[in-house]
Amino acid sequence: MSEKPLPFIYQFASGAIAGVSEILVMYPLDVVKTRQQLATTSDYNGTIRCLRKIVAEEGFSRLYKGITAPILMEAPKRATKFAANDEWGKFYRKQFGVAEMNQSLAVLTGATAGATESFVVVPFELIKIKLQDKTSKFNGMGDVMKHVIKENGLFGMYKGLESTMWRHVAWNAGYFGLIHQVRTLMPKPKTSSEKTMIDLTCGTIGGTFGTILNTPFDVVKSRIQAGSSKYIWTVPSVLTVAKEEGFAALYKGFIPKVLRLGPGGGILLVVFTTCMDFFRTIHEKK
């Protein structure tokens with residue numbers, strides 16, 4: 001028998017805690033990913049080489065520059081991701097008259113949750129990209145916001161919304177869809193440690209697959225938000241990068257990205273489910 005869904009506040013809190021936990025561990029890899037995606041030369045090739053180069057030339061603290069925006073973003077972003085996935089899942093199960101989640105609905109639910117999530121994350125992503133860029137002259141979040149709003153108005157904070165939606169729809173569809181499939185192949189856990197290992201495995205596999213699907217969209221999103229007038233719409237930009245730099249350029253930053261979002265996806269799922277289990281015990285005692 002499936003467990004009764006918890007109220008939204010518990011989903012929100014669990015997603016927020018999971019997101020902040022993941023970013024505190026994995027943020028330097030996100031900086032490396034952005035540098036590689038924005039580079040048109042081989043200066044930042046290789047994850048370890050890129051890390052060493054940033055530390056040697058700009059100092060260790062540069063690996064955490066701009067972390068305030070992602071920290072502030074991660075709580076609503078991850079909370080929205082899991083809560084939206086749960087709410088859309090209930091909506092689609094009701095609409096299609098299905099009692100239990102299946103593979104097709106898991107993909108559809110994940111994609112819809114990803115589109116929902118995009119509206120929350122775009123302003124924070126814009127700030128983060130502008131601060132992570134090596135050529136950035138901005139001192140912090142407030143400096144970026146002031147500049148963007150002055151130059152392009154309030155809606156300027158939503159530059160890259162379309163490409164962000166492509167990125168999140170692809171990742172969430174792959175992540176949640178594959179998690180559902182992998183879980184059906186796993187044995188029923190008999191202990192909490194077995195449950196944690198299964199969650200970690202499912203989340204890592206789902207995060208890796210989602211990253212394979214969405215990296216080309218992430219590359220052009222980074223370039224659009226960095227301010228290049230050459231890239232405007234996602235699909236034409238993907239074709240431009242492939243034509244001018246080769247197909248492999250669409251996977252710039254893939255290694256640090258998958259190192260972050262593969263294990264990071266596992267961390268997310270483990271922390272999220274652990275928090276939900278904790279909140280469930282509290283809720284059931286009321």
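Atom CZ of Phe254 is separated from atom OG1 of Thr47 by 10.5 Å, given to the nearest 0.5 angstrom. Atom CD of residue Glu125 and atom CE of residue Met157 lie 11.5 Å apart, to the nearest 0.5 angstrom. With rounding to the nearest 0.5 angstrom, the OH atom of Tyr175 is 10.5 Å from the OG1 atom of Thr208. The distance from the CG atom of Leu29 to the CG atom of Leu51 is 6.5 Å, given to the nearest 0.5 Å. Rounded to the nearest 0.5 Å, atoms CE (Met197) and OG1 (Thr191) are 10.5 Å apart. Taken from CG in Leu63 to CZ in Arg35, the straight-line distance is 8.5 Å, to the nearest 0.5 Å.
Looking at heavy atoms from C-beta onward, Phe217 lies out of side-chain contact with Ser163 at the 4.5 angstrom threshold. A 4.5 Å side-chain heavy-atom check between Arg62 and Val31 finds every atom pair outside the cut-off. The side-chain heavy atoms of Glu87 and Phe91, taken from C-beta on, include no pair separated by under 4.5 Å. Residues Ile255 and Gln36 have side chains not in contact (no heavy-atom distance under 4.5 Å, counting atoms from C-beta outward). Considering only heavy atoms from C-beta on, Val122 comes within 4.5 Å of Gln225 through its side chain. Inter-residue side-chain proximity for Val148 and Lys130 is flagged as met; some heavy-atom pair is nearer than 4.5 Å.
The two atoms that bring Gly174 and Leu213 nearest to each other are CA-CD1, 3.9 Å, heavy atoms only. Taking each heavy atom of Ile17 and Cys275 in turn, the nearest pair found is CG2-SG, 3.8 Å. Summarising the geometry of Val238 relative to Leu250, their closest heavy-atom pair is O-CD2, 3.6 Å, with the distance given to 0.1 Å. Contact record, Val182 with Cys202: CG1-SG, 3.6 Å, taken as the closest heavy-atom pair. Residues Gly207 and Trp171 come closest through the heavy atom pair O-NE1, 3.4 Å. Between Ser118 and His168, the shortest heavy-atom contact is OG-CB, 3.5 Å.
The pair Asp143-Lys146 does not count as a salt bridge, with every side-chain nitrogen at least 4.0 angstrom from each carboxylate oxygen. Using a cutoff of 4.0 Å between basic side-chain nitrogens and carboxylate oxygens, Glu245 and Arg223 are scored as salt-bridged. Salt-bridge formation is not detected for the pair Glu151/Lys159: no Lys NZ or Arg NE/NH1/NH2 atom is positioned less than 4.0 Å from an Asp or Glu carboxylate oxygen.
Clustering ILVMFWY residues whenever any of their side-chain heavy atoms sit less than 4.5 angstrom apart, transitively, puts Val121 in the very cluster that holds Val144. Leu38 and Val32 end up in different hydrophobic clusters when Ile, Leu, Val, Met, Phe, Trp and Tyr side chains are linked at under 4.5 Å. Linking Ile, Leu, Val, Met, Phe, Trp and Tyr residues whenever their side-chain heavy atoms come within less than 4.5 Å places Met276 and Ile282 in a single cluster. Cluster membership for Val169 and Trp233, using ILVMFWY side-chain heavy atoms within less than 4.5 angstrom, is not shared. In the hydrophobic clustering of this structure, Leu154 groups with Met141; members are Ile, Leu, Val, Met, Phe, Trp, Tyr whose side-chain heavy atoms approach within less than 4.5 Å, directly or through other members.
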Verdict with reasoning, Leu239 to Lys243, per side-chain contact (heavy atoms from CB on, under 4.5 Å): CA-CA 6 Å; Leu239 296 175; Lys243 180 180 178 181; over 6 Å; no

Run the side-chain contact (heavy atoms from CB on, under 4.5 Å) check on Trp166 and Val235 step by step: do they pass? CA-CA 9 Å; Trp166 278 94; Val235 174; 3.7 Å; yes

Evaluate the criterion side-chain contact (heavy atoms from CB on, under 4.5 Å) for residue pair Ile54 and Tyr44; output intermediate values, then yes/no. CA-CA 9 Å; Ile54 293 172; Tyr44 291 100; 4.2 Å; yes

Where do Glu117 and Thr164 land on the side-chain contact (heavy atoms from CB on, under 4.5 Å) test, with the steps shown first? CA-CA 9 Å; Glu117 177 188 19; Thr164 302; over 6 Å; no

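No donor-acceptor pair under 3.5 Å is formed between the side chain of Thr215 and the backbone N or O of Ile212. When atom types are taken as modelled, the side chain of Thr184 and the backbone of Gln181 share a donor-acceptor pair closer than 3.5 angstrom.
The only option from Asn214, Thr234, Asp218 that meets the side chain to side chain donor-acceptor pair (under 3.5 Å) definition with Arg167 turns out to be Asp218.
For the 3.5 Å distance criterion, the side chains of Gln132 and Lys128 fail to qualify, holding no donor opposite an acceptor.
Taking a 6.0 Å sphere around CZ of Arg52, one finds it holds 12 or fewer heavy atoms contributed by other residues, nucleotides or ligands. The number of heavy atoms from other shown groups lying within 6.0 Å of CE (Met145) does not exceed 12. Other residues, nucleotides and ligands contribute at most 12 non-hydrogen atoms within 6.0 Å of the CZ atom of Phe119.
Ring-plane geometry between Phe96 and Tyr92 is classed as tilted, the angle between the planes lying from 30 to 60 degrees on a 0 to 90 degree scale. Classified by interplanar angle (parallel below 30°, tilted 30° to 60°, perpendicular above 60°), the ring pair Phe247/Tyr251 is tilted.
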